[in-house]
Amino acid sequence: MRREAVAAGRSINLALSDRGIAALRPVGMDEYVLAEAVPMYGRMTHTVSGETRLLPYSGREGEHINSISRGGLNIALMNEAERHPGVRFHFNRRCTGFDVATGEALFADGERAPAATTIATDGAGSPVRNALFHGGIRRFDFSQKWLEHGYKELHIPPRAGDAPASGDRFLMERNALHIWPRHRFMMIALPNFDGSYTCTLFLTHEQMHEGEPSFDQLVDEQTVTRFFEKHFPDALPLMPTLIEDFFANPVGDLGTVKCFPWNVRGRVLLLGDSAHAVVPFYGQGMNCAFEDVRVLDELIGRHGADWETVYSEYGRVRKPNTDAIADMAEENFYEMRDAVADPVFVRKRELETRLEHTYPDYFSKYSMVTFREDLPYAVAKQKGNAQDRLLMEISAGLGSAAEADLPAVRERVMEVQ
Ligand SMILES: Cc1cc2nc3c(=O)[nH]c(=O)nc-3n(C[C@H](O)[C@H](O)[C@H](O)COP(=O)(O)OP(=O)(O)OC[C@H]3O[C@@H](n4cnc5c(N)ncnc54)[C@H](O)[C@@H]3O)c2cc1C
């Protein structure tokens with residue numbers, strides 16, 4: 001990655017938020033990573049007729065998420081890790097499994113890597129996890145649920161030619177996560193530091209309902225252009241390489257993986273996506289994986305290299321929380337593609353923003369997940385769902401969020417928590 005061009009079409013940027021920042025802080029990397037981040041203060045929705053509306057992520061000052069480069073982050077992490085004695089990277093070595101009996105990681109070239117302990121961060125398709133599933137461990141719980149939607153990455157370039165006097169090279173609002181919610185599918189765009197945007201189109205692989213679009217129908221220039229003209233007419237003129245990108249970039253799969261236990265005694269631990277891959281709709285997969293590291297680090301601080309104790313305690317503390325974010329991430333998909341275009345939901349978000357603005361100790365569900373590194377995901381889910389139901393009910397009876405009797409709403413929210 002530091003020497004060769006990174007393959008396109010695999011999530012070029014990511015939203016970094018407080019849980020991820022909290023893990024970068026103790027190793028002194030938070031400011032470095034945030035220096036080239038683009039802050040996103042809210043979701044900007046785009047209707048088919050091109051109207052836009054910004055729904056802030058929070059009513060409090062300073063709470064926002066950050067669009068960062070995936071490649072840039074990986075490079076920064078590798079550079080930093082390499083400054084520490086004993087850290088060595090081995091590139092282009094494909095792991096094929098794990099031998100639980102001997103504690104060795106297995107590689108495609110036939111090599112076996114013995115170790116005092118192994119932490120497997122080999123992603124959603126983890127071969128180490130597969131080895132535990134296929135007999136490495138008795139009673140290994142495993143579930144994998146695919147979404148009917150896949151994703152494809154597309155591109156909006158920076159403004160061509162010289163930047164205007166303001167220096168703004170962004171062709172749309174720069175400090176927002178853009179969403180084109182279209183009920184059963186959607187496109188989003190996150191800003192990049194260079195003024196471009198990475199767009200991600202989420203669409204079903206195959207047609208689910210009569211007359212609806214799907215990836216398998218977008219087969220040539222004409223069908224793709226027509227699809228964008230019909231559903232994303234304001235984005236189309238900003239995407240000069242649409243056709244090229246559409247046919248060059250793959251359609252990715254999206255799914256949720258849950259499994260347990262994550263460790264075999266003190267020999268091996270699954271961490272990050274290998275233990276709990278989630279769909280990307282809360283922007284939390286990486287943040288959650290960073291939080292994994294923070295929790296593990298605290299436990300190592302407490303128990304030292306007693307890996308069995310560290311790992312079993314880690315699994316006990318962490319599993320309810322990673323299950324919670326997996327569930328919330330799936331639910332948020334429906335919120336993003338449907339609800340952000342629903343007037344009741346929009347009023348609810350406005351009401352939450354007013355509450356956050358007026359009562360600094362009030363946190364919406366989104367804020368609890370995104371801006372409260374001190375609050376476990378499972379607590380955010382339980383409190384957040386209770387208040388979401390209530391606020392939707394209140395908002396359904398309002399003409400506008402401004403009409404709400406804030407002290408009374410606040411009191412009712414406190415009662416359900
Ligand atoms: C479209 C999309 C958008 C996303 N957006 C966000 C977001 O905005 N915010 C957020 O927080 N999260 C986001 N995520 C989730 C995030 O990408 C993951 O949760 C995060 O990358 C998990 O980190 P990881 O280190 O566990 O796994 P990965 O980042 O997948 O890293 C796994 C590593 O293991 C290596 N590997 C895999 N198999 C082998 C093998 N057999 N041998 C050797 N090495 C191997 C891979 O090359 C890779 O380096 C998004 C995901 C997707 C798909």
Side-chain angles (χ1 to χ4, degrees), residues 1 6-24 33 37-38 40 43 57 65-71 73-75 77-78 81 89-98 105-109 111 113 118-131 146-147 149-154 177 186-192 198-203 249-257 262 269-293 296 322 325-326 328-329 332-333 336 369-370 373 377:
M1 188 177 271
V6 183
R10 222 210 135 224
S11 175
I12 289 148
N13 54 21
L14 296 140
L16 173 71
S17 52
D18 288 35
R19 292 174 199 266
I21 297 169
L24 292 169
V33 171
V38 184
M40 297 182 286
R43 295 164 172 164
Y57 280 128
I65 60 175
N66 305 280
S67 179
I68 60 165
S69 146
R70 185 185 282 270
L73 174 72
N74 283 332
I75 288 170
L77 291 174
M78 285 189 279
F89 288 95
H90 301 262
F91 293 100
N92 296 320
R93 300 281 308 281
R94 196 163 68 82
C95 176
T96 52
F98 190 82
L106 312 178
F107 287 86
D109 57 10
E111 199 174 322
T118 299
I119 300 177
T121 58
D122 48 349
S126 171
V128 175
R129 185 188 66 229
N130 285 346
W146 295 110
L147 215 63
H149 290 69
Y151 72 95
K152 188 184 280 283
E153 290 190 328
L154 301 165
L177 187 153
M186 68 172 175
M187 183 165 79
I188 65 169
L190 272 71
N192 295 311
T198 303
C199 307
T200 311
L201 172 64
F202 296 96
L203 187 63
N249 294 342
V251 178
D253 295 321
L254 296 165
T256 303
V257 172
W262 292 333
L269 176 73
L270 303 173
L271 184 135
D273 273 16
S274 68
H276 48 72
V278 301
V279 291
F281 304 110
Y282 233 111
Q284 284 294 312
M286 165 193 62
N287 289 289
C288 175
F290 273 140
E291 192 172 73
D292 286 354
V293 177
L296 183 67
T322 60
I325 188 58
M328 289 191 285
N332 217 39
F333 175 48
M336 285 174 84
V369 170
T370 311
E373 78 231 27
Y377 282 126

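Ligands are counted one by one from 1 in listed order, and the atoms in each one are counted from 1 as well.
The R94 neighbourhood of ligand 1 comprises atoms 41 (N), 42 (N), with distances under 4.0 Å to a heavy atom of that residue. Remark: ligand 1 atoms within the under-4.0 Å shell around heavy atoms of R93 are 42 (N), 43 (C). The distance from ligand 1 to the heavy atoms of T121 drops below 4.0 Å at these ligand atoms: 32 (C), 33 (C), 34 (O). Those atoms of ligand 1 that come under 4.0 Å of a heavy atom in R70, given as number and element, are 16 (C), 17 (O), 21 (O), 50 (C), 51 (C). The ligand atoms of ligand 1 that sit less than 4.0 angstrom from a heavy atom of G272 are 26 (O). Heavy-atom proximity to G123, at under 4.0 Å, picks out these atoms of ligand 1: 27 (O), 30 (O), 32 (C). For ligand 1, the atoms sitting less than 4.0 Å from at least one non-hydrogen atom of Y151 are 1 (C), 53 (C), numbered in the order shown with element in parentheses. Of all atoms in ligand 1, listed by their number and element, those nearer than 4.0 Å to a heavy atom of C95 are 40 (C), 41 (N), 42 (N), 43 (C).
Contacts with ligand 1 closer than 4.0 Å are made by heavy atoms of both the backbone and the side chain of A15.
In this structure, A81 and F89 approach most closely via the heavy-atom pair CB-CZ, 4.1 Å.
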Check your understanding: Should H276 and T256 be marked as a side chain to side chain contact (heavy atoms under 4.5 Å, CB included) after you check the CA-CA gap, both sets of side-chain angles, and the distance that decides it?
Key -> CA-CA 7 Å; H276 48 72; T256 303; over 6 Å; no

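For N287, a nitrogen or oxygen atom sits less than 3.5 Å from a nitrogen or oxygen atom of ligand 1, counting backbone and side chain alike. Here's the thing with M286: one of its N/O atoms is less than 3.5 angstrom from an N/O atom of ligand 1. Annotation: D273 places an N or O atom under 3.5 Å from an N or O atom of ligand 1; distance criterion only. Between G283 and ligand 1, at least one N/O pair is under 3.5 Å apart.
A distance of 6.0 Å or more separates the ring centres of Y282 and F333.
Using modelled atom types and a 3.5 Å distance limit, the side chains of Y377 and E291 yield no donor-acceptor pair. Side-chain atoms of S17 and N66 form no donor-acceptor pair, as typed in the model, at a separation below 3.5 Å.
Under a 4.0 angstrom heavy-atom cut-off, T200 registers as lying outside contact with ligand 1. Using a 4.0 angstrom heavy-atom cutoff, G252 does not count as in contact with ligand 1.
Contact of the L271 side chain with the V293 side chain is registered, since non-hydrogen atoms from C-beta on lie closer than 4.5 Å. Contact annotation: the side chain of C199 never approaches that of E153 to less than 4.5 Å [non-hydrogen atoms, C-beta and beyond].
The closest donor-acceptor contact from the side chain of N13 to the backbone of N192 lies at 3.5 Å or more, if one exists at all.
Applying the side chain to side chain contact (heavy atoms under 4.5 Å, CB included) criterion to S274, with sequence neighbours excluded, gives D122, S126, L270. Listed by chain and residue number, nothing satisfies the salt bridge (Lys or Arg N to Asp or Glu O under 4.0 Å) test with R129 (two or more places apart in sequence, or in another chain).
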